[in-house]
Amino acid sequence: MKNIIFVLLFVVLCSGSCKKEHEVIRSFCYWKTDLSFDKEEDSLIKDLNVKHMYVRFFDVDWNPYSKELLPVATINDIRLNESNFDITPSVFITNEVVIQSDRKQLDSLAIQISRRVLQVGNKMNQTKAESIAYKIVYPENYHKKKDFKTLNYDSVKSAELSKLKVNFKEILIDCDWSEKSKENYFYLLQKIKKGFPTSKIAATIRLWQYKYAEKSGIPPVDKGLLMCYNLAKPDDFKIENSIGTSAELEQYITHNQYKLRLDIALPLYSWAVLFRGNAFKGILSDYDQLLNDTIKLKKSSSNKFILQDDVLVGQTYLRNGDEIRIEKISNDELDKMISVIKDKIQIDGQTRITFFSFDKKYINDYGTQEISNYYARF
């Protein structure tokens with residue numbers, strides 16, 4: 001009997017001491033040109049307990065005609081409704097920009113990035129002040145209240161705006177730099193840091209840059225965001241899933257010696273890759289309705305379908321005989337990817353686990369409970 005009691009006591013004590021000591025920071029990427037949340041998005045944020053979001057502010061591309069870099073696709077609006085989470089502004093820079101630019105142009109780009117992030121931040125605060133002022137000046141059912149006195153909207157908005165400052169804790173620079181461009185890119189990162197003296201600078205790390213760190217170099221930033229997806233090019237007709245697999249991920253995460261603190265980004269999206277005569281023709285994101293049409297679509301393998309008729313999907317015209325490859329990471333595969341990551345990379349309470357991307361379609365497809373389970377697996 002004493003032995004039984006001892007064993008039971010050991011199990012109880014062990015279960016308490018073996019409890020996971022940390023909860024990761026739950027995060028998402030938002031990569032659209034408008035961020036306007038409604039009650040449904042607010043509910044998803046709350047259900048998933050999301051504390052952080054990388055928001056793409058703008059891109060930087062190279063103009064081959066004027067031989068100048070050009071900031072493009074700036075986010076139009078940021079309206080968070082009732083949601084409240086930390087935002088990391090994200091700037092995507094093409095590798096061509098870094099290769100083609102001279103040092104003078106890179107100096108100018110660093111200044112442009114600082115100014116444009118500030119502009120977007122100010123606009124975001126303006127929108128937030130407008131929302132707060134409206135709720136103060138026009139509270140719910142104000143028209144039913146006796147002797148209700150309306151405050152001056154512009155004065156209230158001005159007062160609320162004065163309380164808001166553009167002070168992002170972190171800036172993320174997203175660039176798939178190469179051996180050829182790393183010297184210029186690392187120089188640019190150092191210049192960007194000077195434009196954000198109170199913010200941490202983070203950089204995306206592709207898997208090849210992680211595996212071959214000696215060749216690709218370690219960017220001079222405060223931390224990295226390891227991108228654990230897009231392991232192949234979608235235009236390759238022969239592959240099964242360009243988003244990635246756990247087996248491919250394991251081929252890249254082969255060590256734990258990367259000399260930079262890392263957050264983790266994982267895929268939470270799907271798409272349909274279109275081929276015509278084995279030639280890549282594009283990517284469809286809104287394909288659900290077509291997939292349910294068993295007359296116009298014939299299944300040829302587990303994730304491939306053949307068009308039986310001409311059809312228009314959004315703005316894309318599909319022809320009879322076109323092949324569609326559906327790409328998505330399954331729940332089991334995501335679990336395996338998480339295991340691969342945990343086996344080699346240190347995860348603690350300061351680690352952000354980020355899913356790409358925040359979209360009602362993808363979140364509802366996977367389910368909030370399943371996504372919460374992914375976070376908890378870390």
Side-chain angles (χ1 to χ4, degrees), residues 24-31 35 50-60 69 71 74-75 77-80 83-93 97-98 101 103-132 157-175 177 184-205 217-227 258-265 348-354:
V24 295
I25 300 169
R26 299 184 175 204
S27 174
F28 267 91
C29 287
Y30 191 92
W31 237 245
L35 195 163
V50 175
K51 300 298 184 184
H52 172 270
M53 197 170 287
Y54 294 100
V55 178
R56 189 201 62 84
F57 271 29
F58 57 92
D59 301 340
V60 182
L69 51 88
T74 302
I75 193 167
D77 207 357
I78 299 179
R79 297 177 183 270
L80 296 178
S83 294
N84 184 26
F85 46 76
D86 286 337
I87 287 179
T88 293
S90 304
V91 180
F92 173 72
I93 304 173
V97 166
V98 186
S101 299
R103 291 297 170 94
K104 186 177 180 180
Q105 287 173 310
L106 293 175
D107 290 343
S108 175
L109 175 57
I111 294 170
Q112 289 182 63
I113 288 174
S114 176
R115 287 176 179 171
R116 188 159 292 213
V117 167
L118 181 61
Q119 288 171 357
V120 176
N122 280 328
K123 187 177 179 182
M124 184 176 75
N125 284 348
Q126 183 88 15
T127 302
K128 188 173 183 179
E130 289 171 359
S131 177
I132 295 171
K157 186 182 80 171
S158 179
E160 291 301 320
L161 186 58
S162 67
K163 300 175 187 177
L164 303 173
K165 307 296 179 187
V166 179
N167 185 25
F168 296 112
K169 298 176 184 176
E170 179 183 281
I171 310 295
L172 175 70
I173 306 300
D174 180 14
C175 178
W177 82 88
N184 266 4
Y185 180 55
F186 293 177
Y187 173 85
L188 173 63
L189 289 172
Q190 291 171 328
K191 292 296 180 179
I192 289 173
K193 177 62 179 175
K194 291 181 179 179
F196 298 96
T198 62
S199 304
K200 289 185 176 180
I201 303 299
T204 53
I205 311 296
I218 307 292
V221 293
D222 298 294
K223 62 196 305 194
L225 177 62
L226 185 62
M227 315 292 275
Y258 199 77
K259 296 180 174 60
L260 196 62
R261 182 176 179 84
L262 294 173
D263 293 320
I264 305 297
D348 58 31
Q350 298 303 308
T351 305
R352 284 196 200 119
I353 302 300
T354 297

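The basis for the numbers below is simple: all heavy atoms, side chains too, and nothing from hydrogens, waters or symmetry mates.
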Q: Kindly determine whether K200 and V221 satisfy side chain to side chain contact (heavy atoms under 4.5 Å, CB included), including the steps that lead there.
A: CA-CA 8 Å; K200 289 185 176 180; V221 293; over 6 Å; no
Q.
Check for me whether the distance between the ring centres of Y30 and F85 falls short of 6.0 Å.
A. no
Q | Qualifying salt bridge (Lys or Arg N to Asp or Glu O under 4.0 Å) pairs with a residue from residues 159-175, counting only residues at least two apart or across chains | A | D86-K169, E160-K163, E170-K223, E170-R352, D174-R206
**Q.** Euclidean distance, T127 OG1 relative to I78 CD1, rounded to 0.5 Å
**A.** 8.0 Å
Q | Over all atoms of both residues, closest heavy-atom pair of S27 and T354 | A | OG-OG1, 2.9 Å
Q: State, to 0.1 Å, how close I218 and K259 come at their nearest heavy-atom pair, and which atoms those are.
A: CG2-O, 3.9 Å
Q | Side-chain (S131) to main-chain (K128) donor-acceptor, under 3.5 angstrom | A | no
Donor-acceptor pairs under 3.5 Å, side chain of residues 185-197 to any protein atom, not counting sequence neighbours: which ones?
unit_1	atom_1	unit_2	atom_2	d
Y187	OH	D107	OD1	2.6
Y187	OH	D107	OD2	3.4
K193	NZ	S199	O	2.6

Q) Counting distance only, does the side-chain N/O of D222 pair as donor-acceptor with the main-chain N or O of I201 below 3.5 Å? A) yes
Q | Residue pair V91, F58: steps toward the side chain to side chain contact (heavy atoms under 4.5 Å, CB included) verdict | A | CA-CA 5 Å; V91 180; F58 57 92; 3.5 Å; yes
Q) At their closest point, which heavy atom of V98 faces which heavy atom of I93, and how far apart are they? A) CG2-CG2, 4.1 Å
Q: Show your reasoning for whether side chain to side chain contact (heavy atoms under 4.5 Å, CB included) applies to L80 and I87.
A: CA-CA 11 Å; L80 296 178; I87 287 179; 4.0 Å; yes
Q: Compare every heavy atom of S101 with every heavy atom of L69, then report the nearest pair and how far apart it is.
A: CD2-OG, 3.5 Å
Q.
Suppose the criterion is side-chain hydrogen bond (donor to acceptor under 3.5 Å, both in side chains): which pairs have a residue in residues 112-123, not counting sequence neighbours?
A. T74-R116, S108-Q112
Q. If you measure from CD1 on I111 to CG on L106, what distance do you get to the nearest 0.5 Å?
A. 11.5 Å
Q) Taking all atoms of both residues into account, what is the closest heavy-atom pair of V117 and F57, and its distance? A) O-CE2, 4.0 Å
Q: Provide the closest heavy-atom pair for L260 versus P219 in the form atom of the first, atom of the second, distance.
A: CD2-CG, 4.2 Å
Q) So how far is it from Y258 OH to L226 CG, rounded to the nearest 0.5 Å? A) 8.5 Å
Q) Out of curiosity, F92 CZ to L172 CG, how far, rounded to the nearest 0.5 Å? A) 11.5 Å
Q) Could you give the distance from CH2 (W177) to CG (N184), rounded to the nearest 0.5 Å? A) 14.0 Å
Q. To the nearest 0.5 Å, what is the distance between CG (L262) and CG (L225)?
A. 8.5 Å
